[in-house]
Amino acid sequence: MSKIYSYVAGEFQTGSGDPVPLWNPTTEETCAEAFLGGFSASSVLQHARTEGLNSLASMGFADRAALLKKMAAVLHEHRDALIETSIVNGGTTRGGAKFDIDGASGTLAAYASMAKNWGASQHRVDGDSVELSRGARLLGKHSYVPRGGVAVLINAFNFPAWGFAEKAASALLAGMPVILKPATLTSLTAAKMAEILVESGVMPAGTFSMILGSVTELLDQLGPRDFVSFTGSQKTGGIVRSSESLIRNSVSVNVEADSLNAAVLGGDLTADADCYQLFLRDVFREMTEKTGQKCTATRRLIVPESMVETVATDLKERLQALKVGDPSLSDVRMGPLATAQQRDDVFAGMERLGQHLERLCGENRPSELLGVEGGKGYFAGASLFLSKDEKSLEEVHREEVFGPVACILPYDGSAEQAAELVCRGEGMLVSSLYSDSRDFLREAGFGIAPMCGRVVLVDSKAEGYSLPTGMVLPQLIHGGPGRAGGGEELGGERGVHHFMHRTAFQGSRGMVERILREE
Ligand code: NAP
């Protein structure tokens with residue numbers, strides 16, 4: 001039985017009190033024990049604020065980029081071990097595990113490559129100089145400078161590896177030591193990752209800590225130089241961002257939360273269009289990959305009334321052929337939900353939707369499961385619902401069902417109504433539009449953009465090179481307004497800026513230009 005521990009103040013801690021059992025969601029057996037606590041929050045902060053900050057302050061951007069490259073390499077080297085923990089503790093298939101683990105090393109590598117030529121500098125100039133006097137002797141210039149604090153990375157259960165790496169890449173580049181707080185019940189992969197990073201010796205002293213258990217005491221001790229980057233439910237995000245001490249101390253908080261992502265089938269498309277096949281392929285993948293436990297999974301399918309029957313039939317056929325069961329088996333395409341709580345929440349969401357929408361396919365617990373014995377496992381069936389009236393639309397938009405569930409919302413085929421329906425989700429991480437009409441894509445695209453972090457435009461020409469819509473890319477921003485938390489991460493260099501502070505420097509031309517030169 002694996003035993004996992006917090007890593008703080010440069011050591012793995014023995015914890016205090018009884019360990020918390022971690023479960024294998026396929027067998028419902030205990031797969032590890034997590035030892036929480038056993039240290040003071042002030043000791044964690046003290047170590048990060050002294051050793052960690054000193055380590056990063058002695059490195060310029062290029063050195064930090066080299067650190068990210070090494071982190072990517074060691075995680076990749078231990079990929080198989082990480083995939084194994086993900087299958088055992090997360091219930092992911094091998095493909096789902098790779099999405100998380102390769103996503104982690106890929107994001108670190110992408111940031112390493114982006115910043116490798118940023119030199120020895122520790123600040124990043126923002127925009128051109130502004131002349132402030134006649135004759136241009138007085139100048140203003142903006143620059144992102146290190147905050148001089150620590151980054152607390154609170155992560156959701158569904159991406160223990162990528163969720164850490166996508167935040168840590170930007171934070172470490174920005175010069176902030178990171179303190180990871182993984183979701184407890186799937187922390188086996190995060191703990192394995194911590195063990196790999198620590199034992200490889202790549203992390204400079206104090207730059208990486210990991211806390212298993214509560215971070216309330218730690219958050220209370222943060223100050224204006226620190227940063228909290230939270231990923232999880234809208235509810236917990238609300239608790240974190242309204243924390244009295246974080247508000248009092250003006251601690252910057254970024255929240256990545258829920259999302260009712262939409263896929264719109266354009267009014268111009270018929271069943272014989274290549275673009276329609278892309279829609280089916282993407283929707284099927286986004287409903288079922290990681291058992292629908294992706295913040296970017298598609299929850300709402302906005303379909304012209306004339307195509308509802310076709311879409312329902314085609315999707316049902318694919319979903320009913322899906323092999324569900326033990327995710328360690330190579331022919332299984334969808335494993336269980338990650339925890340018993342997740343299963344209960346998804347079943348409750350299915351029941352709620354079922355009261356007002358027509359269930360086109362899927363059972364709460366699938367009757368056929370490959371390689372699973374005795375009714376065990378937190379399984380849920382891929383389920384498709386059809387919305388028929390205003391009351392059912394209200395239910396669709398009420399809250400995210402974080403599992404393999406999507407609802408078809410019929411519309412009149414116009415870009416205007418498509419945008420209106422997408423925006424009823426009140427803030428999305430991503431939504432995708434499928435059409436061969438440039439006018440439709442333009443009107444609907446700009447119509448939904450104010451409520452989306454990312455808009456994916458797919459036409460028939462995308463066949464062969466389009467990427468999965470739920471794949472978060474290090475080059476593009478991730479985050480969304482409203483329900484999605486109002487946060488922003490990644491987006492190439494933009495992601496690093498969030499972990500820095502922007503200052504306007506004002507002075508004589510020669511002085512400002514010399515001081516802000518990037519070496
Ligand atoms: P959650 O229950 O909100 O927990 C998220 C994290 O917050 C966990 O590490 C949790 O730790 C911690 N936490 C709980 N209470 C806290 C408190 N009072 N103060 C500080 N931290 C606290 O979410 P989840 O169930 O893990 O994740 C599922 C949700 O995350 C879904 O709603 C999904 O949409 C969202 N999500 C969003 C994104 C995105 O990028 N927008 C990505 C992935 C997931 P414990 O586990 O120890 O309770």
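Residue numbers start at 1 and run along the sequence shown. One-based numbering, in listed order, for ligands and for the atoms of each. Worth saying up front: this structure is predicted, and the values here are computed from it rather than measured.
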Open item on the list: If I apply the N/O under 3.5 Å rule, does Asn155 come out as touching ligand 1?
Closed with: yes

Open item on the list: Below the 3.5 angstrom mark, is there an N/O of Gln234, backbone or side chain, next to an N/O of ligand 1?
Closed with: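 The answer is no, given that Gln234 and ligand 1 share no N or O pair closer than 3.5 Å.
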
Protein heavy atom at shortest distance from [atom]:
atom: atom 24 (P) of ligand 1; answer: Phe157 CD2, 3.5 Å
atom: atom 41 (N) of ligand 1; answer: Ala257 O, 2.9 Å
atom: atom 46 (O) of ligand 1; answer: Thr184 N, 2.9 Å
atom: atom 18 (N) of ligand 1; answer: Ile239 CG2, 3.9 Å
atom: atom 10 (C) of ligand 1; answer: Lys181 CE, 4.0 Å
atom: atom 35 (C) of ligand 1; answer: Gly232 O, 3.2 Å

Task: Distance under 6.0 Å and angle within 45° of ring axis: Lys290 vs Phe159 - done: yes

Mark the output for [X] as yes if a heavy-atom distance to ligand 1 is under 4.0 Å, and as no if none is.
X: Val240; result: yes
X: His478; result: yes
X: Phe402; result: yes
X: Pro182; result: yes

Can you name the closest pair of heavy atoms from [X] and [Y] and give their distance?
X: Glu493; Y: Met114; answer: N-SD, 3.4 Å
X: Asn158; Y: Gln293; answer: ND2-O, 3.0 Å
X: Pro481; Y: Pro450; answer: CG-O, 3.6 Å
X: Met350; Y: Ser383; answer: CE-OG, 3.5 Å
X: Arg300; Y: Arg424; answer: NH1-C, 4.3 Å

Open item on the list: Taking the side chain as everything from C-beta on, heavy atoms only, tell me whether Thr231 gets closer than 4.5 Å to Ile154.
Closed with: no

Which ligand 1 atoms, with their elements, are less than 4.0 angstrom from a heavy-atom of [X]?
X: Asp258; value: 31 (C), 32 (O), 34 (O)
X: Ser233; value: 1 (P), 3 (O), 23 (O), 29 (C), 30 (O), 32 (O)
X: Ala156; value: 26 (O), 27 (O), 30 (O), 43 (C), 44 (C)
X: Thr236; value: 1 (P), 2 (O), 3 (O), 7 (O), 13 (N), 14 (C), 15 (N), 16 (C), 22 (C)
X: Ala183; value: 8 (C), 9 (O), 46 (O)
X: Asn158; value: 43 (C), 44 (C)

Under 4.0 Å between a Lys/Arg side-chain N and an Asp/Glu carboxylate O for [X] and [Y]?
X: Asp80; Y: Lys98; result: no
X: Glu489; Y: Lys167; result: yes
X: Arg79; Y: Asp102; result: yes

Counting heavy atoms only, which part of [X] comes closer than 4.0 Å to ligand 1: side chain, backbone, both or neither?
X: Thr231; value: both
X: Leu429; value: side chain
X: Phe230; value: side chain
X: Glu400; value: side chain
X: Ser214; value: neither
X: Val472; value: neither

Open item on the list: Has Ser432 got a side-chain atom pairing as donor or acceptor with Ala263's backbone, closer than 3.5 angstrom?
Closed with: no

TODO: Could you tell me whether the side chain of Arg352 and the main chain of Glu395 form a donor-acceptor pair under 3.5 Å?
DONE: yes

TODO: Could you point out which residue of Asp100, Thr85, Thr92 forms a side-chain hydrogen bond (donor to acceptor under 3.5 Å, both in side chains) with Thr189?
DONE: Thr85

Task: Parallel, tilted or perpendicular: rings of Tyr7 and Phe12 (30°, 60°) - done: tilted

Open item on the list: Please tell me whether Phe164 and Phe208 form a close aromatic pair, meaning their ring centres lie under 6.0 Å apart.
Closed with: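 Yes, the ring centres sit under 6.0 Å apart.
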
TODO: Going by heavy-atom distance to atom 42 (C) of ligand 1, choose the closest among Gly213, Ala34, Cys295.
DONE: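 Of the listed residues, Cys295 has the closest heavy atom.
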
TODO: Answer yes or no for atom 48 (O) of ligand 1: protein heavy atom present at a distance under 4.0 Å?
DONE: no

